[in-house]
Amino acid sequence: MVKEEIVKQKLYEKYIEPTKKKREHFIGVELEMPIVNLNKAAVDFALVHRITREFMEEFHFEEQGIDDEGNIYAAVNNENGDILSYDCSYNNLEFSFGKTNNLNDIFFRFNSYYSYMNKKFNEEHHTLTGMGVNPYRIFNRMEPIPNGRYRMLLHHINSYKNYDLPMYFHNYPTYGLFSSASQVQLDVDYDKLIDTLNVFSKLEPIKAILFSNSVILEEQEHIAGIRDILWENSTHGINPHNVGMFGHDLASIDDLMKYIESTSMYCVEKEGKYINFPPVNVLEYFRQEKIKGEFFNGTKYESIWFVPEIEDLKYLRTFKFEDLTFRGTIEFRSVCCQPISDVMSVAAFHVGLMEKIEELKDILEKDYFLFHQGYNASELRKIFNMMKWPENFKQDQVYQLVKQVVDLAKEGLEQRDLGEVKYLEPLYGRINKKTNPAKYMLQKLKAGAKIEELIKEYSI
């Protein structure tokens with residue numbers, strides 16, 4: 001048992017203290033993308049492992065993570081901090097870029113890495129592509145990376161059948177193995193923390209309009225951005241404060257701390273064993289003398305009792321759209337993987353708007369086309385994740401607001417004067433055509449296009 005005041009102090013030190021440090025502001029970008037076997041068969045993991053080793057030699061990356069079978073699932077370039085990894089499974093490739101203050105640096109390195117990897121995959125009738133849900137997921141081996149963390153994670157998500165709760169669980173417990181995201185981390189200062197979280201949270205419906213790109217083909221085609229549902233209606237969402245939006249404006253740092261204290265823990269690592277357990281409020285976790293969980297013993301799962309220790313706080317991890325991290329950054333994690341030609345649009349959008357928080361706040365507060373229509377931002381996000389919107393939202397007016405926001409992001413990038421505005425161009429195309437990658441894909445399919453054609457189009 002750990003005293004509550006100690007837990008609260010450690011939470012403050014973990015999340016708030018880093019925002020008080022004076023530092024140069026950097027950009028972190030993580031780009032996930034599905035691997036597709038164009039033979040309509042499972043991704044060849046032996047091929048993935050071979051190409052990974054060849055990539056490491058070509059770009060001077062070193063081993064960072066080895067799975068239980070001796071295969072590399074993460075590698076790092078120690079000069080620039082870039083990481084190649086596989087997220088949850090070997091069906092999903094991720095590039096994470098070392099911090100920089102220039103988007104052009106990230107794009108240059110991404111282009112080099114992606115061109116090399118995709119050429120190698122294409123030679124074996126595989127490809128990387130820019131879709132938020134693997135279009136050939138039904139052919140893939142739904143196996144997590146064989147290590148403690150990912151095995152535990154899939155086991156935790158699959159445990160939804162054990163809960164008798166008044167909530168809806170979807171039946172896609174392997175979603176982590178077939179869904180891909182585009183994530184951005186930006187440094188945030190203490191005095192701007194609350195405004196930044198509030199304003200970007202309110203922006204989420206507009207991001208759904210612009211960026212939705214996760215469709216489960218032939219099953220959930222009425223939903224343009226199903227990633228929200230996959231997270232929120234899983235065991236991660238048993239405590240809704242661990243996922244999605246904040247739901248209300250935060251009034252102060254104290255209010256934010258109360259919110260953080262209301263989140264839950266669901267796993268911990270002890271003596272090399274990853275243990276998962278039913279989600280428990282973080283303060284309640286440390287009130288317990290001992291907690292019962294499960295771990296994989298090499299052949300099966302077995303029960304284990306363990307004693308909570310204050311060091312376990314490092315395993316408190318939420319999956320919110322705007323996630324405050326221990327690095328003093330906000331991680332923006334609500335956007336699907338984008339078509340490869342538009343890959344930098346997400347980071348450019350966030351970086352530009354980060355320069356214009358007060359102006360963005362003013363635009364959103366004064367709007368009456370989208371907001372002040374009887375819905376809060378969380379409800380609007382759900383509405384605009386759909387292929388079809390209610391008729392009371394007039395498209396011309398809604399897209400007028402969306403353009404205002406993108407124009408503001410453009411102003412922010414122009415203010416930075418680093419030649420980054422070009423990355424917003426795809427968003428103006430979407431505004432002009434009143435579409436997003438998910439809607440475009442479904443429209444093309446209904447017009448007779450083959451999914452193979454779109455896989456290729458989204459890969460270049």
Side-chain angles (χ1 to χ4, degrees), residues 30-53 55-56 61 63-76 83-96 113-114 117-118 120-121 124-160 170-183 213-217 219 226-227 229-231 234-236 266-267 274 276 296 301 317 319 333 336-337 455 458-459:
E30 300 171 21
L31 300 170
E32 303 169 3
M33 61 209 80
I35 306 170
V36 177
N37 185 338
L38 296 171
N39 293 315
K40 293 188 176 181
V43 169
D44 184 346
F45 288 174
L47 174 67
V48 170
H49 301 321
R50 174 172 67 78
I51 291 176
T52 299
R53 292 190 295 272
F55 173 92
M56 290 171 60
F61 278 56
E63 294 178 3
Q64 188 185 52
I66 307 293
D67 70 22
D68 293 348
E69 297 172 0
N71 294 307
I72 298 165
Y73 68 85
V76 63
I83 297 172
L84 174 149
S85 63
Y86 294 91
D87 187 66
C88 290
S89 83
Y90 290 113
N91 299 308
N92 199 33
L93 174 67
E94 179 176 352
F95 290 122
S96 305
Y113 300 158
Y114 180 84
M117 297 265 321
N118 213 28
K120 292 286 186 180
F121 278 119
E124 303 294 339
H125 215 55
H126 283 59
T127 191
L128 301 166
T129 194
M131 295 180 179
V133 166
N134 192 316
Y136 283 179
R137 67 179 184 84
I138 60 173
F139 304 115
N140 281 338
R141 293 159 54 187
M142 290 302 175
E143 302 171 6
I145 291 170
N147 71 1
R149 179 189 169 200
Y150 287 120
R151 191 183 290 112
M152 174 279 299
L153 186 58
L154 189 62
H155 180 67
H156 174 65
I157 301 297
N158 263 303
S159 70
Y160 75 96
H170 60 69
N171 60 350
Y172 298 101
T174 58
Y175 69 87
L177 313 185
F178 64 76
S179 62
S180 305
S182 178
Q183 298 173 181
N213 189 30
S214 54
V215 181
I216 297 184
L217 295 172
E219 292 184 23
I226 202 168
R227 283 186 69 254
I229 293 172
L230 296 178
W231 286 90
S234 73
T235 51
H236 281 312
Y266 69 93
C267 73
Y274 264 97
N276 72 273
F296 186 69
Y301 285 88
R317 188 184 178 198
F319 301 94
R333 46 181 305 121
C336 311
C337 168
I455 291 170
Y458 280 42
S459 73

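Keep in mind that this is a model prediction, so the values were computed, not measured.
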Going by the rule ring pair (Phe, Tyr, Trp, His ring centres under 6.0 Å), which residues pair with Phe139 if we only count those two or more places apart in sequence or in a different chain? Tyr136
Can you give me the closest heavy-atom contact between Tyr90 and Val43, atom names plus distance? O-CG1, 4.1 Å
Once you round to the nearest 0.5 Å, how far does CE of Met33 lie from CE of Met131? 13.5 Å
For Pro144 and Tyr150, work out which heavy atoms get closest and say how close. CB-O, 3.7 Å
Roughly how far, to the nearest 0.5 Å, is the OG atom of Ser180 from the CG atom of Asn91? 9.5 Å
I need the Leu93 CG to Thr129 OG1 distance, nearest 0.5 Å. 12.5 Å
Between Glu94 and Glu30, what is the shortest heavy-atom contact and its length? OE2-OE1, 3.2 Å
Look at the side chain of Asn276 and the backbone N and O of Leu153, then say whether any donor-acceptor pair between them is shorter than 3.5 Å. no
Report yes if the distance between the aromatic ring centroids of His155 and Tyr301 is under 6.0 Å, otherwise no. yes
For Tyr113, ring pair (Phe, Tyr, Trp, His ring centres under 6.0 Å) partners two or more places apart: Phe55, Phe59, Phe61, Phe95
Please identify each residue that fulfils ring pair (Phe, Tyr, Trp, His ring centres under 6.0 Å) with Tyr73, with sequence neighbours left out. none
Could you tell me whether the side chain of Phe178 reaches within less than 4.5 Å of the side chain of Val133, counting heavy atoms only? yes
Taken to the nearest 0.5 Å, the spacing of Leu230 CG from His170 NE2 works out to 5.0 Å
Provide the closest heavy-atom pair for Glu143 versus Ser89 in the form atom of the first, atom of the second, distance. O-CB, 3.4 Å
CG of Leu177 to CE of Met142, rounded to nearest 0.5 Å, is 6.0 Å
Look only at the side chain of Ser214 and the backbone of Cys336, and say whether a donor-acceptor pair between them is shorter than 3.5 Å. no
Under a 4.5 Å cut-off applied to non-hydrogen side-chain atoms, are Tyr114 and Leu128 in contact? yes
Can you name the residues that form a ring pair (Phe, Tyr, Trp, His ring centres under 6.0 Å) with His126, not counting sequence neighbours? none
Got Ile216 and Arg137 here, is their nearest side-chain heavy-atom distance under 4.5 Å? yes
Hey, would you say the His236 and Tyr266 ring centroids sit under 6.0 Å apart? yes
Got a donor-acceptor contact below 3.5 angstrom from the Asn147 side chain to the Ile66 backbone? no
Thr52 and Tyr86: side chain donor to acceptor below 3.5 Å: yes
Under 3.5 Å, is there a donor-acceptor pair between the Ser234 and Tyr175 side chains? yes
Any side-chain heavy atom of Gln64 sitting closer than 4.5 Å to one from Ile83? yes
Beyond-backbone contact of Tyr172 with Glu219, side-chain heavy atoms, under 4.5 angstrom: yes
Taking Asp44's backbone N and O only, do any of them form a donor-acceptor pair with Asn37's side chain (distance below 3.5 Å, no angle check)? no
Can you name the residues that form a side-chain hydrogen bond (donor to acceptor under 3.5 Å, both in side chains) with Asn71, not counting sequence neighbours? His49
Quick one: closest heavy-atom pair of Ser182 and Leu31, and the distance? OG-CD2, 3.4 Å
Taking side chain to side chain contact (heavy atoms under 4.5 Å, CB included) as the test, write out the residues that go with Leu38, two or more places apart. Val36, His125, Thr127, Ile455
Are any non-hydrogen side-chain atoms of Tyr458 and Asn213 less than 4.5 angstrom apart? yes
Using a 4.5 Å cut-off on heavy atoms from C-beta on, say whether the side chain of Cys337 contacts that of Glu32. no
Correct closest heavy-atom pair for Asn134 and Pro34 would be ND2-CB, 3.5 Å
From Lys120 atom NZ to Glu124 atom CD, the distance as rounded to the nearest 0.5 Å: 9.5 Å
For the residue pair Tyr274 and Arg151, establish whether any side-chain heavy-atom pair is separated by less than 4.5 Å. no
